[in-house]
Every structure is written in structure tokens, then in C-alpha cells.
Amino acid sequence: MKRRYYSFFPQNYKKNLAALRATFEDSSDLVIREFSFGTNKDKEVKAALIFLDGLTNPTIINDSIIKPLMHDNHLLYEEEASDLSDLDLIRNRLLSVGVVKTIYTPNEVIEACLSGNAILMTDGFCQALDIGAKGGEKRAVSEPVSETSVRGPREGFTENLRTNTAMIRRKIKDPSLKIRSAVIGARTHTQVNLLYIDGIVDPDLVDEVERRLKKIDTDAILATGYVEQYIEDNPYTPFPVIWCSEKPDAVAGKLLEGRVAVAVDGTPFVMTMPMLFIENFQTAEDYISRSHYATSMRILRLIAFTISLFAPALYIAFTTFHQELIPTTLLFTTAASSEGIPFPAPVEMGIMMLIFEILREAGVRMPRPIGQTISIVGALVMGEAAVQAGIVGAPVVIVVAITAVSSFAIPFLMDAVSIIRWFLLILASTMGNLGITVGVFILLVHLSSLRSFGAHYLAPLAPFQRRDLKDTAVRAPLWAMHTRPRATNPQDLKRLRSNPPRNPSSSEKATGVRNHDKEQQYDP
Amino acid sequence: MKSTGGNISPKDLMFAVFCFIQATVLRSGYIIAVTRQDSWAMAMTGFLFAIPIVAIYAALLRKFPGKNLIEISDCIFGPIIGKVVSAFYLFFFLSLAALNAHDLGSFVVRYLMPETPIAMVLLISLMGCAYALRKGIENLMYLSICLSIIVAGAVAINSILVLNDMNPGFLKPFFQMDLMTYIQGTVTIGAVPMGEIIAFTMITPMLEKEKKVLKPLLFGLLLSAFSMAFAMLRDILTLGPLVSIVSLPSFESIRYVTLADTLTRMESIYAVVLILLFLFKVCILLYAFILGLSHILGRKNQPLPNQDHTNPSFNTDQPSNPKSFPPLTLISTALVFFYSLIVFESAMENIDWGASTAPFFSLTYELLLPAVSLLVAFLRKLGKAREVRE
Amino acid sequence: MTRNNSTIRKGALPRSITVFGICVLLASFLTGCWSQRELSKLAIVVGTALDIGDQPDTLKLTAQVVKAAEMGASAGSQKSSSGGKAYVNMSYTDRSVLSAVRGISHMQNRRLYFSHNKVLVISSELAKLGMGKGLDTFTRDYESRMNIQLLISKGKAFKILEEDVDLEKVPSLHLFGMMENQKLNSETAVVTLRDYNIATLSGSPAPVVPIVEMKKDKVKLYGTAVFKKGKMIGELDKSQTRGLLWVTDRTRGGALTVDTEWGQVALEYLHSNSSLKPVRTKDGAIRMELTVNEEGAIQSNETTEDLSRLENVEKLKELMKEAIRSDIENALSQARSLSADVFGFGEIIRREYPKEWEKMKNNWDTLFPQIELDIRVNVKLSSTGGLVRPVIPGGAQ
Amino acid sequence: MKALLVIIAFCGIAWMDLPDMIKNKQWRNLAIYSAIFLSVLTFGVLVASDIKVPSPIKAIQVIYRDILGLSFKAS
């Protein structure tokens with residue numbers, strides 16, 4: 001879609017201003033500050049500073065633009081001071097602002113204006129100065145809500161793109177961290193940055209991501225999720241194929257594994273791609289904590305995933321098709337609790353799962369204090385009452401509760417799992433174990449068929465890559481993970497310079513004496 | 001990106017062979033009924049019997065690199081006889097797919113869901129297969145290692161759990177039956193589960209290194225032979241003389257698992273693994289059939305349907321190649337569905353077929369036709385002779 | 001099969017999702033009533049009894065069904081228990097097991113479910129007529145398992161399932177637990193359906209099954225029934241049963257009271273193993289060699305003698321040996337008189353000397369009583385328990 | 001009844017397969033496809049309406065066992 005642009009009238013300052021006013025008609029936040037400056041009266045220059053109030057930093061406007069022009073021109077050399085109408089002169093000698101750009105077209109004026117810059121137009125010139133005066137209110141860097149960390153860094157991304165890229169830059173102090181920029185959205189003109197580390201990342205991958213970003217033809221990009229949906233490979237899968245995080249350290253880690261990050265202005269989330277299935281089970285904390293603990297947590301998450309996916313389906317399959325699988329004593333208890341329940345087991349399970357989904361949704365959208373009330377009412381009162389009233393059996397409540405709790409352990413997959421769970425439940429209640437097995441087969445094939453920017457989604461498992469298993473269910477010690485994951489096809493495979501990798505203690509033994517000496521030297 | 005998309009590594013192929021044959025462990029009842037307590041040895045001799053068969057496939061594939069079995073027979077026999085030979089192969093693949101689907105169905109109906117009509121079981125299973133085939137066979141092949149690990153784990157766990165019920169005395173006496181019995185056992189194992197890997201000759205053109213066929217096939221076979229011998233040993237040791245009268249020994253032996261009175265009746269869990277394997281096998285056989293059919297019906301000199309999407313994610317916006325093959329997946333699956341419904345009237349017919357005629361039927365296509373093809377190719381001096389000499 | 005992204009983007013996938021979804025939904029409506037069994041519609045059978053029916057050529061099947069609500073009451077369920085019995089016995093007389101099961105379901109609103117069947121009790125009258133009829137159904141049926149406990153009852157079998165139980169709630173579960181417990185006593189041959197079938201299929205088919213009887217509303221183990229050609233032909237008493245267990249290496253423990261010159265001493269079997277081997281003698285005949293290795297302990301000493309003295313230990317060992325030997329000989333003579341190879345001699349000969357067995361197998365019934373059994377018993381008394389010397393009046397002086 | 005279900009299922013198959021071919025104007029493929037489709041449909045309807053369709057496996061067994069004399073004796 002094309003914006004109605006006014007044409008630039010060469011050297012006609014008044015007309016230009018009028019046209020600009022017409023473009024921004026009914027925009028009360030537009031400020032056109034007209035003023036004049038100059039050293040002697042007859043050579044006074046008429047000028048206008050145009051900016052959008054709220055997007056700009058008033059301090060810069062006042063102290064670095066208007067003040068030098070109006071008050072500090074006596075600091076100029078005399079021959080310069082005589083003719084102030086030269087834009088280059090103003091730019092080079094007067095404006096004490098970091099980013100100043102000369103612009104020529106009305107489009108640029110509008111874009112600069114909208115992105116929070118101040119525009120200086122002077123009478124008699126067909127150029128204008130685009131002065132970086134971005135500012136305005138923004139949220140301070142705070143601890144991320146969606147991912148909390150115990151030992152790791154606590155900062156999280158904000159809605160401001162520059163802050164976000166700066167946070168990453170602060171982690172990776174290397175000129176080869178590249179940040180390409182693009183503007184997407186015909187109306188929103190959202191700034192989108194593409195980050196990668198040159199020398200690690202596969203250049204084809206960067207080109208591919210950029211190509212897909214450029215292909216986006218929409219009028220609005222309001223959050224990362226918008227971009228995600230436009231560039232992902234498999235639009236019809238419930239599984240996330242692009243990873244996103246609120247934590248700069250996590251994103252930096254992904255970049256260092258040879259991935260590409262995409263940051264979108266206005267969202268405190270940064271996406272990275274390609275994404276592997278196993279990333280759903282990884283957290284930034286894993287790499288900080290000890291590897292045994294991290295490994296056990298990984299396994300725990302995998303178990304939680306299995307439970308939250310299969311528990312209701314397996315319960316139905318066992319209690320309605322394969323009662324022989326239930327230990328005899330447990331069968332009696334289960335049978336006792338299903339005496340007098342009016343619904344067949346699948347319906348019973350469906351009701352409880354539905355109630356749980358509603359409770360979850362209600363809890364998420366409500367303000368936190370109310371959310372807690374809802375969960376207490378839902379979990380305690382409704383569960384207990386439903387059992388008491390004989391609408392559902394106690395085992396069903398237990399199973400749904402386990403399912404729910406387990407799904408919270410794998411936040412990335414929660415959405416996918418809560419859909420697939422229903423699919424498996426239907427299969428299990430029609431075909432029992434066979435249904436579940438066919439469901440698992442379909443699920444496996446589906447996962448195996450997914451691609452994320454050319455990487456196999458199920459990567460170290462299918463296609464099997466033995467050497468990449470170090471960061472799956474097991475999180476090997478960092479010194480043992482001496483290569484980057486091959487799924488991202490990094491240019492520079494080696495993470496450690498020393499090859500072969502060594503257990504730190506064993507290398508210490510070899511050179512222990514020397515190290516010790518050195519340490520003593522540096523010890524004050 | 002130079003990812004392995006569409007390319008299958010030899011390792012994948014090897015474990016795919018393993019999974020493929022492992023699905024047939026259930027059918028070991030045919031052989032165990034014949035060779036009884038010595039059946040475990042038949043797995044090994046069967047493997048020896050299968051080596052020349054595999055060597056013939058490897059020689060054919062070497063002579064005509066990048067071509068699958070149907071294309072090769074077209075090359076060797078010319079367009080008309082080639083089509084006839086291909087049609088024979090196709091019938092074989094179709095029958096195998098139907099037989100295996102029927103095996104799956106009757107297994108599920110007999111042991112898991114006795115009151116469900118077999119048609120429903122087959123329908124849902126074949127829907128799973130059709131889905132997998134539409135997603136591309138390579139995705140299934142990638143899964144083979146994972147699947148093998150699951151299978152090995154399940155077999156190991158189950159075997160450990162029945163350890164308590166084993167009696168080594170059941171293995172005796174060793175080798176006291178007629179020689180003919182052992183020949184029958186060897187040929188049956190060599191032909192029925194092992195020789196069926198002829199279906200993989202339709203997939204080998206998708207290999208990363210298409211010339212390295214013999215090794216993965218042989219090692220896959222060896223692996224399967226070991227695991228088959230292991231499973232048979234377990235069954236014989238747990239079931240003793242019962243092994244030759246129960247219909248599915250490997251399933252029956254797991255029914256004894258009792259661990260602390262809670263972990264009993266594990267066979268439904270094992271059944272899950274078996275069904276997965278059966279789905280895998282039926283998928284491979286169906287793929288062989290569909291690809292062969294496409295080749296017969298499709299236009300000449302067109303790229304293979306699976307080779308023009310070596311890297312599917314990156315050409316999303318490029319115009320797809322005009323498909324020269326009609327989409328046969330669903331309709332072929334439907335054909336297998338109906339075929340497997342009528343293939344046997346009863347389990348007794350199934351057993352009779354498996355024990356008496358199946359080895360000869362299979363050998364015709366697994367040994368006779370390829371051997372004749374190879375011979376004709378030699379006589380007509382077709383293919384890359386230089387490579388054969390190496 | 002041919003995965004094509006452009007078509008997927010244009011909506012082939014939603015189409016397949018739709019079709020697949022419709023199929024699954026259709027399937028769910030169609031299969032709804034097939035193999036699905038609601039728990040509350042099942043009558044869980046935990047024990048079965050087979051008797052001779054009152055009409056000729058019929059049998060009476062009694063199925064013990066658990067009342068889940070009563071069972072669950074103990075497991076903390078909120079539902080109040082009515083304090084009644086936790087089980088119901090249902091009987092029906094018909095010509096086969098299967099039709100009797102069908103007969104019961106004609107009278108009930110629930111379907112009998114046999115997967116959790118634990119015990120099968122067969123009356124000795126029926127067993128004497130032949131077991132085949134009942135057992136084949138239980139072996140063949142997919143629901144029933146081969147690891148159910150097999151029992152023969154003196155008197156009516158269904159009476160056994162009406163036992164007055166104290167610690168358990170259901171007689172069958174009590175019986176099952178009781179049989180599991182017998183492994184420690186080694187006076188009963190614990191036999192599952194699978195053991196019975198394997199013994200039947202073996203070279204010299206003479207399976208054994210434990211016998212139970214009702215005494216004052218309590219079930220008591222009695223001995224072992226011996227089968228031949230599917231019919232019960234005789235019994236082994238407790239000592240003979242133990243002899244049988246010695247030979248077949250199934251002794252797991254047990255107690256033995258011996259009369260010594262000083263009085264009664266109770267000994268305990270701790271660990272034992274035995275091996276049975278066929279040996280070909282020079283004249284071509286086959287003998288059996290049995291070696292029993294036994295490790296025991298002194299369990300109680302009612303006498304005043306110091307049993308820790310080594311010469312006394314030797315005496316005790318001799319007595320223990322004698323007891324074991326007499327158990328085995330007892331069993332052997334009973335087996336010979338029944339001409340039933342309960343020890344599986346024939347099967348062992350078949351495994352070791354298959355060629356000889358070919359010649360022997362046809363007149364095994366006459367050959368078996370003539371097979372010689374060499375018994376070698378090695379006994380060790382490893383400890384005297386917690387006491388070295390007995391508590392005797394004034395013993396501290 | 002069963003035959004009707006088969007026909008409905010085949011409509012589903014056609015609905016999934018046909019649009020692509022028609023869109024891409026692959027008339028030759030369409031012709032081949034229709035031929036196979038119709039024959040499988042006939043087969044399916046025959047099976048579904050309980051008309052006894054002889055199993056090809058039976059025929060093969062007769063050829064191998066009775067004509068060629070190739071068979072093991074079943075135990």
C-alpha cells in the first residue's frame with residue numbers, strides 16, 4: 001500500500017511545511033517548531049524543527065539542537081557566522097548530536113519523523129537534516145517474566161529494539177556480530193534486526209532468513225509472533241519451529257551455536273532459528289548449573305513431556321481397553337471409584353480436561369491476584385466437589401492434575417501438547433493401545449518431517465547424529481561439548497580451541513606445576 | 001544449506017533394515033513350530049542363506065547406480081519385458097504389504113482388541129502409513145535409528161524381566177531333527193523375513209553414498225539375525241515345549257513377566273513397539289509398491305518424485321516441478337487395505353501359507369528374478385562393467 | 001508421498017487434516033461399542049472353580065467376582081462399605097467352560113473378565129475324569145493367563161472359593177497369596193497353568209498339581225495330585241511332595257524336626273540345590289544320578305545338649321541326610337507304584353540321550369519303574385542361629 | 001451400508017488428490033489415476049458388500065504347491 005506523500009517543493013520552505021502539515025493532519029502530537037537564527041539581522045535564517053512529541057528526547061531537542069542554533073552560533077568563526085544558511089555547516093559545526101543525516105525526499109522526512117527523529121528544515125534548501133533524537137518513555141530493563149533464572153543473568157529484553165541489540169552486543173563483544181536491519185510493515189514500519197555471528201553462522205542461512213523477511217508483505221508487524229508466522233517453514237504444525245526468548249544470554253548462546261536471531265521492535269522477545277525439537281527442553285540455566293543436575297532436569301522435562309502428552313490417553317486406554325495391564329489391587333480401587341459414575345471414561349476425562357483448559361486460560365488472562373483465586377477455586381473446590389458429587393472419579397482428577405502440572409514443566413511445548421493431547425485421547429478412546437501407537441507413529445513422522453530453515457527439527461535423533469547427543473537428554477560438561485550442533489551447519493564447528501577436549505583436571509595434572517607458579521605470581 | 005535433506009545415510013539404511021526385519025519377529029512362530037528348540041540357530045543360518053541374495057541386489061545396484069529395481073529391470077529387459085518383470089515385482093511388493101498389514105491386523109485383533117473388526121484396525125494403521133508416505137519416506141528412514149534404540153530397549157527390558165522364568169534345559173537336545181527340517185528353517189528365515197529387504201532396492205537411489213549398499217544391508221541383516229536369535233532364545237527358554245504350540249511365541253513369553261506383583265502383563269507395552277515396527281515395515285513395502293507403480297505408469301526420463309525435493313524447506317516459493325506422477329499414495333493404501341482384508345480367511349490359512357508356500361513364493365522374487373536380471377545384464381554387457389570388476 | 005511445499009501452502013494439508021479428522025471421528029463413533037469395556041461394566045474374576053455338573057458330561061463353573069466398591073473401601077475411597085462380603089461367587093453348569101461363562105453372563109448385567117484370574121481350582125472328581133476340557137480354554141483364551149495357580153480340591157471345588165478368610169477379603173486372593181507363600185515351606189509343589197502345560201508337553205508327561213481341602217471353613221494344603229494322560233491317577237503326601245521337590249530342584253526352604261538321642265531338634269533348610277543327571281551304565285541301561293546339596297541351620301533345640309559341638313553337628317547332619325533321602329525314596333516308590341514319571345526323568349533323558357530316548361519312549365510306562373536312582377546327599381549345617389548353646393538351667397556355671 | 005462407507009471414503013481420497021492434478025492440467029496423469037481409482041473402488045465395493053473375492057495368495061498357493069510341487073510340509 002502506498003502512502004499519500006506530498007511532493008517536495010524545491011527550495012520552497014513554506015509550501016513544504018504546509019504540505020507536511022497536510023500529511024499529518026489531525027495528528028496532534030506533531031510539533032513544528034519554527035524559529036530563526038543567525039548572527040546578523042538581515043542574514044537571519046528561517047528554520048523549522050519537526051518532530052513527534054513523545055517519540056523524541058526533549059533534552060536532545062532543547063540542548064543539542066535548538067540551543068546551539070540559537071545561542072551558540074557565536075562560537076563559530078566569523079566568516080562562517082556570516083552565512084549560516086549552509087546546511088553542511090550547521091551539521092558539521094553546530095549540532096551536537098550523534099546521528100545526523102542529510103535527507104532529500106519527503107518520504108525520508110516522514111519516515112524519520114515517525115521513527116522518532118527530529119527534522120530540521122531551513123528556508124531555501126531542498127534538503128533537510130534528520131537528527132537522531134530518539135527518546136520518549138520506555139520500560140526499564142527488568143527481570144523477565146516468562147523465564148526466571150537462579151544463577152544466570154536476570155536482565156530481560158525490553159520493547160526497545162536498540163536496547164535489545166545492545167544487550168546482545170554487550171554479551172558478545174566481537175565485531176563479527178552482525179546486525180542487519182530491515183523495515184517491515186507497510187503501515188507499522190517496524191524495525192526488524194537480523195543478528196548473526198559472521199564466521200560461525202552458515203551464510204546460506206542468513207541469506208535465507210533475510211530473503212524470507214523481505215518477502216513479508218503485510219501492513220502490520222506488531223510483535224515477534226507476526227514475523228514468526230510469516231517466515232516459518234511449516235505453517236500447519238502445532239509445534240514451535242522458531243525459538244524465542246526474553247533473555248539476552250539465552251539468545252547470545254543460540255547465536256554462538258550458529259543460529260540467526262531476529263529482533264523486532266516493540267517486543268521483549270527475540271527469535272532464533274533454526275530451531276530443533278530438543279531446544280524445547282533446554283533452558284539457559286542448564287548451561288550454568290552443574291551438568292549432572294542439568295541432565296537430570298532434562299530427563300525430568302522429557303518425562304514431563306511424555307506424561308502431559310500421554311497420561312490421559314493412556315489412562316483411557318488402560319481402563320477401557322487393557323484392564324489386564326493394571327495391577328490387580330489398583331484395578332479394584334479404580335473400578336471402585338468408577339462405580340456409579342454416569343459417563344463413560346473418555347467423556348469423564350474430556351470433561352475434566354476441558355475444565356482444566358478453561359481454568360488455565362482464565363488464570364493466565366486474569367490479573368495475578370484474581371488468577372490465584374481462580375486456580376484455588378478450580379483446583380480444590382471443583383475437583384473435590386466433582387468427585388464428591390460422583391460426576392467424575394478420583395483417578396481422573398489425579399490424571400488430569402498430573403497432566404496439567406507436567407505441562408507447566410515444558411512451557412515451550414505447552415500449546416502444542418495441549419492440542420495433541422486431545423488428538424491422542426480420541427485415538428485412545430476409539431482404538432486403545434493401537435490408537436495411541438498409531439498416534440505416536442504419526443507424531444514421530446510429523447516431527448521428523450518438520451524442517452526449520454533447512455535443519456531437521458528432530459535433528460540429533462532423526463537423522464541420528466551421535467556426536468550431537470551431548471546436548472539432548474544429557475547435558476555434557478561444557479568442556480566435553482567441544483563442537484557446535486551440526487544441525488545448524490555452522491561454518492566453524494569447533495567451540496573449543498584445544499583439540500581433543502580434555503577434562504580440566506587432567507590437563508591441570510600435566511601442567512599443574514607451571515599453572516601454580518603463575519597463579520602465585522599474580523597473587524598480590 | 002548442505003543439509004542431508006532427502007539423503008539417507010548408510011547408517012540409517014542399516015537400522016532401517018533392522019527395524020524392517022524386526023517386525024517379523026512375531027512371525028517366528030512359523031519356524032519355531034518346525035525347528036523347535038533349535039530355531040535360534042536358524043536365524044544365523046538364515047542370515048548365511050541371505051548373504052548371496054543381498055550380494056545379487058548389491059551387484060545390480062552397482063551396475064546401475066542411481067536406479068531402483070524397477071528402472072533396472074527396464075534397462076535390462078527392455079521396455080516391454082521389463083514392464084512385465086516390473087509388474088511381477090510390483091505384485092510381490094503389494095502382496096507383501098498386504099500380508100504384513102494382515103499380520104498386524106490379526107495380531108491386534110487377537111491379542112489387544114478381540115471384539116474390534118479387523119477392518120477398523122487396518123484402517124487406522126494404514127491411515128498412519130499413508131500419512132507417513134505423504135510426508136516422505138526419507139523422514140521415516142531418519143527415524144530408523146531412534147526406533148531401533150526403542151526396540152532394542154524394549155526387547156532387553158522384557159528379556160531381563162522374564163529372566164526368572166527361564167530354564168536352560170529347554171534348549172536340549174541340540175540338533176537332533178532331520179536335516180530337511182533345518183533346511184526348511186534356514187530357507188524360511190532367509191526368504192521370508194530376510195529376503196524381503198528387496199524392498200529397500202527401491203530406496204537405495206536416495207542414499208547419500210549410493211554405491212555403498214552392500215555393507216549397510218549386510219550389517220543390518222546381521223544385526224537382525226542376532227536380535228532374532230536372541231528373541232527366539234528367550235522364547236524357547238521361557239516357554240519350553242509350549243513354544244511350538246502357541247501362535248505367537250515372542251508375545252506369549254512376555255506374558256509371564258511378573259515383577260513384584262505390580263509390573264505384570266507387560267505385553268501391551270511390547271505390543272506398542274511391535275505395532276510401530278509393523279507400521280514401519282508396511283510403509284517401506286507400500287513405498288516400494290507406489291514408487292514402482294509410478295515408474296511403470298509415469299513418463300520416461302522424469303526425475304524421481306522424491307529427488308526433486310532434496311531440500312524441501314528452501315524451495316517453498318519456487319515453482320514446484322510439474323509432477324509427472326499421479327498421486328498414488330492414498331489409492332494404493334486403499335488397495336492394500338482391501339487386499340489385506342481378503343488375503344486370508346483364517347489364521348490357520350495364514351499359518352499354512354507361512355510355513356509351506358511363502359518361502360518359495362518369496363524366493364521367486366527375491367532370488368530368481370534378480371539373479372536372472374543379473375545374468376541377462378552380464379550377457380547383454382549392460383551397466384557399468386568396470387565397477388563390477390573392481 | 002511426494003512432499004511438495006507449494007501445494008501444502010495452498011491448502012493440501014488442511015484438506016488431509018479434515019479427511020483424517022473425519023475418519024477418526026467416524027471411527028470413534030463406529031468402534032464405540034466394540035472392544036471398549038467400561039470398568040464399571042466388568043465383573044472382575046479373581047478365581048475360578050471347576051466341578052462335575054449334575055447332568056452327565058457337564059461341568060459346573062464357579063467364578064469368583066470381586067465387588068470393587070467393597071474392595072476399594074479399604075483403599076481410602078469415600079464410598080462407605082456396606083460391610084458385606086467383598087466377593088460374589090457365580091456358578092453355571094454347562095457342557096463347556098466357555099458356554100458356562102456365557103451362561104453366567106446371561107444372568108448378570110456385567111461381563112465376566114478373566115484377565116485378573118489368579119487361581120483355578122478343579123475338583124478331584126473332575127480331575128479323575130480328565131482335565132483337558134477345562135484347561136484348554138484357560139490356555140487358549142487370550143484373556144486368561146498361563147501364570148494362574150492351579151489347584152485340585154478334595155471335595156467340591158466351589159467350596160474352596162467360599163473359604164472364610166481373615167486377613168484378605170477375597171478367598172481367591174488368599175489362596176493365591178498362600179500358594180506364593182508355600183515356596184518357603186517346600187512341602188507343596190506350586191504349579192501354574194504354564195508349568196502344568198510344559199510338563200504335559202514334555203517327554204514323559206506326568207504333571208503334578210497341589211491338592212487343597214476344606215477343613216472347618218479354612219483351606220488347607222493336603223498334598224500333590226499326580227496326573228497321567230490328563231487324568232488324576234494318584235496322590236503324593238507331604239513328605240513325598242518334598243521328595244519330589246528335592247529331585248526337581250524346587251526346594252526353597254522349610255523346617256525339619258528330627259528325633260535325636262537327646263530329644264527333638266528342629267532344623268531349617270536354608271539353601272539347597274540339586275542336580276539330576278542321566279548316566280549310561282556299561283550294559284547300556286540308563287540310571288539317574290541325583291545330587292542334593294543342602295545347607296541347613298539349627299532352628300530350635302529343645303534338649304539340653306550342646307549342639308555346637310562338632311561331633312553332635314555330624315550326627316545332626318546324618319539325620320538330616322537320612323530325612324532327605326527318605327523323602328526322596330518315599331516319593332520314588334510312590335511314583336513307581338503309580339508308574340508316573342513325576343520327576344521328569346524321561347524329559348531329562350530325552351534332552352541328554354535323544355537317540356536312546358527314541359527307543360525308550362514307547363514303553364516308558366513299563367521302563368520307568370525300573371529306572372534306578374542314585375541319591376547322593378551333601379549336607380552342611382552352617383550355623384546354630386542366634387544361640388551357641390541352649391538355655392539350660394544353671395548353664396552359666 | 002459398508003459399500004456406502006467405502007464410496008464416501010473414496011470421495012475423500014478423490015477430494016484430496018484430484019484438485020492438484022486438475023489445477024496443474026496433468027490430463028495424462030488424471031486419466032491413469034482415474035483408471036486405478038475406479039478399479040480399486042470396484043474392488044473395494046466388492047469386498048465391502050461381502051461378495052467373495054478370491055485371494056490371489058490362494059491362487060499362488062495352488063500354483064506353487066499343486067502345480068510346481070514347491071512347498072514345505074507344514075508341521
Side-chain angles (χ1 to χ4, degrees), chain A residues 202-205 207-208 211-212 215 232-235 241 274 314 317-318 321-330 427 430-466 486-489, chain B residues 1-5 7-9 11-12 15 104 108-109 112-113 116 120-121 124-129 131-136 138-149 255 260-269 271-276 278-280 283 311-314 316-317:
Chain A
D202 179 15
D204 294 347
L205 173 67
D207 294 346
E208 175 64 24
R211 196 180 59 77
R212 290 198 196 176
K215 256 183 58 193
E232 67 189 352
D233 301 61
N234 305 76
V241 288
L314 282 178
F318 284 5
F321 285 93
H322 312 289
Q323 288 93 350
E324 71 269 17
L325 268 168
I326 309 174
T328 312
T329 338
L330 184 60
L427 280 175
T430 52
M431 282 278 162
N433 227 335
L434 173 75
I436 294 180
T437 314
V438 174
V440 168
F441 184 75
I442 290 176
L443 209 59
L444 278 176
V445 170
H446 177 76
L447 282 172
S448 166
S449 74
L450 289 183
R451 301 284 184 278
S452 177
F453 290 84
H456 292 273
Y457 192 54
L458 222 50
L461 302 173
F464 194 77
Q465 183 58 263
R466 186 174 50 81
R486 283 159 183 80
T488 53
N489 197 18
Chain B
M1 255 213 279
K2 282 138 252 138
S3 68
T4 49
N7 292 342
I8 295 157
S9 72
K11 225 185 279 165
D12 286 332
F15 283 97
L104 167 63
V108 170
V109 165
L112 296 178
M113 301 192 294
T116 310
M120 282 316 294
V121 174
I124 197 150
S125 316
L126 287 174
M127 271 192 324
C129 290
Y131 178 83
L133 288 174
R134 278 179 80 90
K135 284 279 167 190
E138 70 272 10
N139 294 319
L140 200 61
M141 298 287 282
Y142 295 144
L143 281 172
S144 64
I145 296 183
C146 262
L147 209 56
S148 307
I149 294 172
R255 294 180 67 154
D261 266 350
T262 29
L263 263 184
T264 54
R265 291 114 206 237
M266 300 281 287
E267 78 270 9
S268 272
I269 307 293
V272 169
V273 175
L274 276 175
I275 295 168
L276 276 181
F278 261 120
L279 292 177
F280 185 87
C283 273
N311 204 341
S313 61
F314 275 10
T316 41
D317 56 331

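Here is how names work: the chains are called A, B, and so on, in the same order as the sequence lines, proteins then strands, and each is numbered from 1. Quick caveat: nothing in here was measured; it's all calculated off a predicted structure.
- Interface remark: A:Leu458 contributes side-chain atoms only to the contact with chain B (heavy atom separation under 4.5 Å).
- Ionic pairing of A:Arg211 and A:Asp204 is not present here: no N-O contact between side-chain nitrogen and carboxylate oxygen is shorter than 4.0 angstrom.
- Neither the backbone nor the side chain of B:Val273 comes within less than 4.5 Å of any heavy atom in chain A.
- In this structure the side chain of A:Phe321 never reaches within 4.5 angstrom of the side chain of A:Met431, judged on heavy atoms.
- Interface summary for chain B: among A:Asn433, A:Leu461, A:Leu434, the most heavy-atom pairs under 4.5 angstrom belong to A:Leu434.
- Heavy atoms of B:Val272 lying under 4.5 Å from chain A belong to its backbone as well as its side chain.
- With contacts defined as side-chain heavy-atom distances shorter than 4.5 Å, the pair B:Ile149/A:Phe464 qualifies.
- Partner of B:Asn139 under the side chain to side chain donor-acceptor pair (under 3.5 Å) criterion, out of A:Arg451, A:His446, A:His456: A:Arg451 alone.
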